[in-house]
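Please read the structure below before turning to the comments.
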Amino acid sequence: MNQQWLLYDAVTDWCNRNDWYYEVLEEGEAIRCGFNGDNARFILLISVHGERVMVRSVAPINVPSNKRPVIAELLTRANYGLAIGNFEMDYRDGEVSFKTSTTTGSEPMPDWLIQDLIFINCLMMDKYFPAIMQTIYSEVDPVTALAAVES
């Protein structure tokens, strides 16, 4: 069995053991889960490419085109100084996501690493989601919105 399948199996085994329902998007490559945060329900996409595992949480809203520049500023400011992961926005449709990933080499992926990739991702998206919403739907500037969630 190649490394990609070993990683995929490790991720799906972790989900099964921890009662995380998932949908297979591409056998051996990608699954989709949902998670309920304190601030919203998010989609979680977990994919395996060779020796890399990537987790993306997707916000349940798309940023309107007129707000994309200010949200880009917000996400850039939020990314500065993050030790693990980063926010992204697709300028074409306004999709906002948070991404964590790791490369495992030829080593098996331990449960704690899978859990960290998933939990850190979920926590970060849920933590910053109010700043995203506030910046979209009010006149609050990105600096003020970030200060509220980072305090």
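What you are looking at is a predicted structure, and each value in this text was computed from that prediction instead of being measured.
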Evaluate the side-chain proximity of [Y] to [X]: yes if any heavy-atom separation is below 4.5 Å, no if none is.
| X | Y | value |
| --- | --- | --- |
| W20 | I118 | yes |
| T135 | K67 | no |
| Q4 | E51 | no |
| M109 | L117 | yes |
| S101 | V55 | no |
| E23 | I31 | no |
| L113 | V53 | no |
| K99 | F87 | no |

Distance-minimising heavy-atom pair for [X] and [Y]:
| X | Y | answer |
| --- | --- | --- |
| E27 | Y8 | OE2-CE2, 3.9 Å |
| C15 | Y22 | CB-CD2, 3.6 Å |
| A10 | I114 | O-CD1, 3.5 Å |
| I46 | C33 | CD1-SG, 4.3 Å |
| L7 | R52 | CD1-N, 4.2 Å |
| T100 | G85 | CG2-CA, 4.0 Å |

> According to the ring-ring contact (aromatic ring centres under 6.0 Å, His included) rule, which pairs have a member within residues 30-56, sequence neighbours left out?
Replying inline: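 Qualifying pairs, neighbours excluded: F35-F42, F42-F129.
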Could you see if [X] belongs to whatever hydrophobic cluster contains [Y]? Use Ile, Leu, Val, Met, Phe, Trp, Tyr and a side-chain cutoff under 4.5 Å.
| X | Y | answer |
| --- | --- | --- |
| W5 | L25 | no |
| I71 | Y80 | no |
| M125 | I61 | yes |
| V48 | I120 | yes |
| I84 | L123 | no |

> S97: what forms a side chain to side chain contact (heavy atoms under 4.5 Å, CB included) with it, not counting sequence neighbours?
Replying inline: R56, V58, E88
> With sequence neighbours left out, what residues match T144 under side chain to side chain contact (heavy atoms under 4.5 Å, CB included)?
Replying inline: V140, D141
I need the [X] [atom1] to [Y] [atom2] distance, nearest 0.5 Å.
| X | Y | atom1 | atom2 | result |
| --- | --- | --- | --- | --- |
| L75 | R68 | CG | CZ | 12.5 Å |
| I43 | E95 | CD1 | CD | 10.0 Å |
| R32 | E26 | CZ | CD | 11.0 Å |

> Can we say D111 and R17 salt-bridge, meaning some charged N sits less than 4.0 Å from an Asp/Glu carboxylate O?
Replying inline: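 Looking at R17 together with D111, the answer is yes, because their closest N to O distance falls below 4.0 Å.
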For [X] and [Y], indicate whether the former's side chain and the latter's backbone hold a donor-acceptor pair under 3.5 Å.
| X | Y | value |
| --- | --- | --- |
| N39 | P130 | no |
| D90 | V96 | no |
| D126 | C122 | no |

